[in-house]
Protein chains: 2
Amino acid sequence: MTSQDVILGILMNQSSAGYDIKRLLETVFSYFYNASFGTIYPMLAKMEQQGLITKESIIQEGKPNKHVYTITEEGRRQFREYLNSELQPEEIKSDFMVRLYFGGLADREHVSEWLSKAIDKTTRTLQSLEDIYGRLKDKKSATQIICVRLGIESCKARLKVLNEGLNDIKALDGELEKE
Amino acid sequence: MTSQDVILGILMNQSSAGYDIKRLLETVFSYFYNASFGTIYPMLAKMEQQGLITKESIIQEGKPNKHVYTITEEGRRQFREYLNSELQPEEIKSDFMVRLYFGGLADREHVSEWLSKAIDKTTRTLQSLEDIYGRLKDKKSATQIICVRLGIESCKARLKVLNEGLNDIKALDGELEKE
DNA sequence: GTGGCCATGTAATGTGTTACATGATTTG
DNA sequence: CAAATCATGTAACACATTACATGGCCAC
């Protein structure tokens, strides 16, 4: 899976401009995918050249002009090819988990701070996923519901362990202060 | 966090060769980090040049020779600097979740296959994390236990939703066959 | 005798991020 | 009046993967 496949998938459902694609990625996709403008805009230009999408310039008042891209038949074919291709393993790069693993080498203050930040972030992610779930529960496809539920349940499980972990670390701090 | 930080962290605990580092990453780290030989070997060479680590050649019989690297004081300083640096957000790239999101555009057979594969993989990951947990529960630091428990509970939550999801999809298939 | 494990390394390639450049409009 | 939002795009850079090259030993 590359950014091209993701963009094609989005355009399968509705024609969009690069800016809109970024917005969508930031909201719904942020839990499992991300791409910057520096990826999206050059990729859209490349895809247009290859005939996977067509560009339409929309002149807006009070706002910059938009380039709305629409998927072509060739683009649809390419997307179907992606769906038929081999499923790729998940790629994760978690600074937080790496630090936790090496946590024995860090001060307890640092560890507490990392845990607190992870709790904050996970809480916010959970909130946003639950919002999405509430809004889309009856409208969206079965697989999108599974997708959002996966995020929600993962966040909940994560929060449980994170909170217990933070308590454990703080308990260790308490013991030390007594001595 | 770059591969350099991870390698330094590993070498903080024990001197290792590139091959051993890869092995370790594949087992314990695989849930939240990964690096290929093409990253590890050039990085070790670069780090030696910069004086962060020292190389010792071990001549082995019946096996190829090994280059065992040991962290220097400068390397330790550099690693502490990493622990003091700003926590970086998690990076995830999940082909599986992307496909699920676009699942409405795919055949139900494909979706079932993806879910089954995800269930298999998660089950195996859970198994390996529980093995690690069993072995290290009493030996390792509090933060490493949190780290492994995060993986275990995430996998369990994931499995629950995946199994429910697969049943839902199969139920839809059943309905269709009746018609 | 084929394939897998041990063990290191290089080069080509792919892919993506960050920072910069531009500029009008709206919101606090 | 500063900052965010809308909107597009480029160029330099960082970083990593894949495939290749080498080669002995061991198990099936």
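Letters A, B, ... are given to chains in the order of the sequence lines, protein chains preceding strands, and every chain is numbered from 1.
- Screening F37(A), Y69(A), Y41(A) for a ring-ring contact (aromatic ring centres under 6.0 Å, His included) involving Y19(A) leaves a single residue, F37(A).
- Aromatic pair F102(B)/Y82(A): centroids not less than 6.0 angstrom apart.
- OP1 or OP2 of dT18(C) has not a single side-chain nitrogen or oxygen of S36(A) nearer than 4.0 Å.
- Residues of residues 58-66 of chain A having a heavy atom closer than 4.0 Å to DNA chain D, listed by number: Q60(A), K63(A), P64(A), N65(A), K66(A).
- Using bins of under 30°, 30° to 60° and over 60° for the plane-to-plane angle, the ring pair Y101(B)/F32(A) lands in the tilted bin.
- Considering only heavy atoms from C-beta on, L159(A) comes within 4.5 Å of T123(A) through its side chain.
- The separation between H67(A) atom NE2 and dC6(D) atom P is 17 Å, rounded to whole Å.
- Rounded to whole Å, the distance from CD1 on I40(B) to P on dT18(D) is 13 Å.
- Note on V68(B): it does not cluster hydrophobically with L44(B), by side-chain heavy-atom contacts below 4.5 Å among ILVMFWY residues.
- With distances taken from any side-chain atom of K55(A) to the nucleotides dA7(D), dG9(D), dT8(C), the minimum falls on dG9(D).
- Under 4.0 Å is where a charged nitrogen must lie from a carboxylate oxygen, and between E73(A) and R80(A) at least one such pair does.
- Applying the 4.0 Å criterion to OP1 and OP2 of dA16(D), one finds that S3(B) has a side-chain N or O inside that range.
- What separates NZ of K93(A) from C1' of dT17(D) is a distance of 10 Å, to the nearest Å.
- Listed nucleotides: dT10(C), dA16(D), dT10(D). Nearest to the side chain of P42(B): dT10(C).
- Counting non-hydrogen atoms under 4.0 angstrom, G38(A) reaches a base of the nucleic acid.
- Atom pair Y41(A):OH and dA7(D):P shows a separation of 9 Å (rounding to whole Å applied).
- Residues Q88(B) and L44(B) both approach DNA chain C. Their nearest nucleotides, taken by heavy-atom distance, put L44(B) toward the 5′ side.
- Atom NZ of K121(B) has 12 or fewer heavy atoms from other residues, nucleotides or ligands within 6.0 Å.
- In this structure, CD of E56(A) is placed 17 Å from C1' of dT8(D), rounded to the nearest angstrom.
- Between the NZ atom of K22(B) and the P atom of dC5(C) there is a distance of 12 Å, rounded to whole Å.
- Summarising the local packing, CD of Q60(A) is surrounded by more than 12 heavy atoms from other residues, nucleotides or ligands at distances under 6.0 Å.
- Taken over five-pair windows at either terminus, the axes of the helix from dG1(C)-dC28(D) to dG28(C)-dC1(D) are inclined to one another by 50° (rounded to 10 degrees).
- Candidate nucleotides dT5(D), dG9(D), dA16(D) were compared by shortest atom distance to the side chain of Y19(A), and dT5(D) ranks first.
- Nucleic acid contact class of A45(A) (heavy atoms, under 4.0 Å, all strands): none.
- Cation-pi geometry between K117(A) and F96(A) is not satisfied (NZ or CZ under 6.0 Å from the ring centre, within 45° of the ring normal).
- What separates CD of E26(A) from C1' of dA7(D) is a distance of 13 Å, to the nearest Å.
- Classified by interplanar angle (parallel below 30°, tilted 30° to 60°, perpendicular above 60°), the ring pair W114(A)/H110(A) is parallel.
- For the pair R23(B) and dA7(C), the criterion of a side-chain N or O lying under 4.0 Å from OP1 or OP2 is not met.
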